[in-house]
J.: 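Just passing along the structure, written as structure tokens.
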Amino acid sequence: DTAVSQTPKYLVTQMGNDKSIKCEQNLGHDTMYWYKQDSKKFLKIMFSYNNKELIINETVPNRFSPKSPDKAHLNLHINSLELGDSAVYFCASSHPGQQETQYFGPGTRLLVL
Amino acid sequence: RKEVEQDPGPFNVPEGATVAFNCTYSNSASQSFFWYRQDCRKEPKLLMSVYSSGNEDGRFTAQLNRASQYISLLIRDSKLSDSATYLCVAYNFNKFYFGSGTKLNVKP
């Protein structure tokens with residue numbers, strides 16, 4: 001059974017396009033996250049939601065908009081894609097009462113041309 | 001200055017060797033610490049938590065020194081399957097701060 005899943009796994013698109021990445025977890029976790037891992041492998045938090053409410057919003061361009069329709073899903077929409085958005089985007093979730101243990105999805109490799 | 005700093009490596013060691021990684025964190029208020037493992041083109045996975053008293057899980061030993069703001073990971077009797085990138089993580093008020101990772105290559 002997949003614990004944290006993301007779609008698509010790969011995304012190649014042109015500059016200026018709008019795209020979405022979806023994330024779902026079947027672990028019953030309350031908290032979900034989006035991370036960006038750049039070419040230097042540095043993993044940086046972008047957003048965190050707890051029970052559909054935004055709790056962390058790092059200094060991310062407002063072209064990035066997360067949406068959590070329910071606590072099992074956290075999607076990421078990106079408007080007007082730029083070359084610098086090329087990276088691997090990881091979704092993660094953590095256990096209620098054990099906020100410190102995170103489970104990551106397989107990642108979405110985004111390439112902006 | 002990054003919240004968590006690690007030597008990127010790579011560390012190239014023969015099978016059976018003992019290898020140690022270190023990392024430092026900048027925020028003395030950080031509450032918890034972890035080591036994650038990330039295989040090439042895969043997601044990070046929790047390897048172990050790090051406690052002040054030091055903790056061991058099989059061949060892996062993690063240590064935290066709060067006074068020096070320093071975390072370590074020791075791997076004994078390295079296996080080929082230990083080859084991966086090891087990420088040091090500090091947790092502070094709902095945020096996880098990841099180091100950029102230390103790459104380990106274990107050679108036959």
J.: Can you run down the ring-ring contact (aromatic ring centres under 6.0 Å, His included) pairs that involve residues 44-86 of chain B, sequence neighbours left out, and say none if there aren't any?
T.: B/Phe21-B/Tyr86
J.: Is it the side chain or the backbone of B/Glu3 that comes within 4.5 Å of chain A heavy atoms, both, or neither?
T.: neither
J.: Compute whether any side-chain donor of one residue and acceptor of the other, for A/Ser20 and A/His77, lie under 3.5 angstrom apart.
T.: yes
J.: What do you reckon, are the aromatic ring centroids of A/Tyr35 and A/Phe104 less than 6.0 Å apart?
T.: yes
J.: Name, in order of residue number, those residues of residues 97-108 of chain B that have a heavy atom at a distance of less than 4.5 Å from a heavy atom in chain A; otherwise write 'none'.
T.: B/Phe98, B/Gly99, B/Ser100
J.: Going through the checks in order, is the side-chain hydrogen bond (donor to acceptor under 3.5 Å, both in side chains) test met by B/Ser30 and B/Asn92?
T.: CA-CA 5 Å; B/Ser30 295; B/Asn92 187 17; 4.5 Å; no
J.: Go through the atoms of B/Lys45 and report whether side chain, backbone, both or neither lie under 4.5 Å from a heavy atom of chain A.
T.: neither
J.: Using non-hydrogen atoms and a 4.5 Å limit, figure out which bit of B/Lys95 sits close to chain A: side chain, backbone, both or neither.
T.: both
J.: Can you tell which of B/Tyr25, B/Phe33, B/Phe96 makes a ring pair (Phe, Tyr, Trp, His ring centres under 6.0 Å) with B/Tyr91?
T.: B/Phe96
J.: Can B/Val89 be reached from A/Leu43 by stepping across I, L, V, M, F, W or Y side chains whose heavy atoms are under 4.5 Å apart?
T.: yes
J.: A/Val88, A/Ile55, A/Ile56, A/Ile45: which one forms the most heavy-atom pairs within less than 4.5 Å of chain B?
T.: A/Ile56
J.: State whether A/Asp38 and A/Lys36 are salt-bridged, where the test is any N-O pair (Lys NZ or Arg NE/NH1/NH2 against Asp/Glu carboxylate O) under 4.0 Å.
T.: no
J.: Just how far is it from atom CD of B/Gln63 to atom CG of B/Leu74, taken to the nearest 0.5 Å?
T.: 9.5 Å
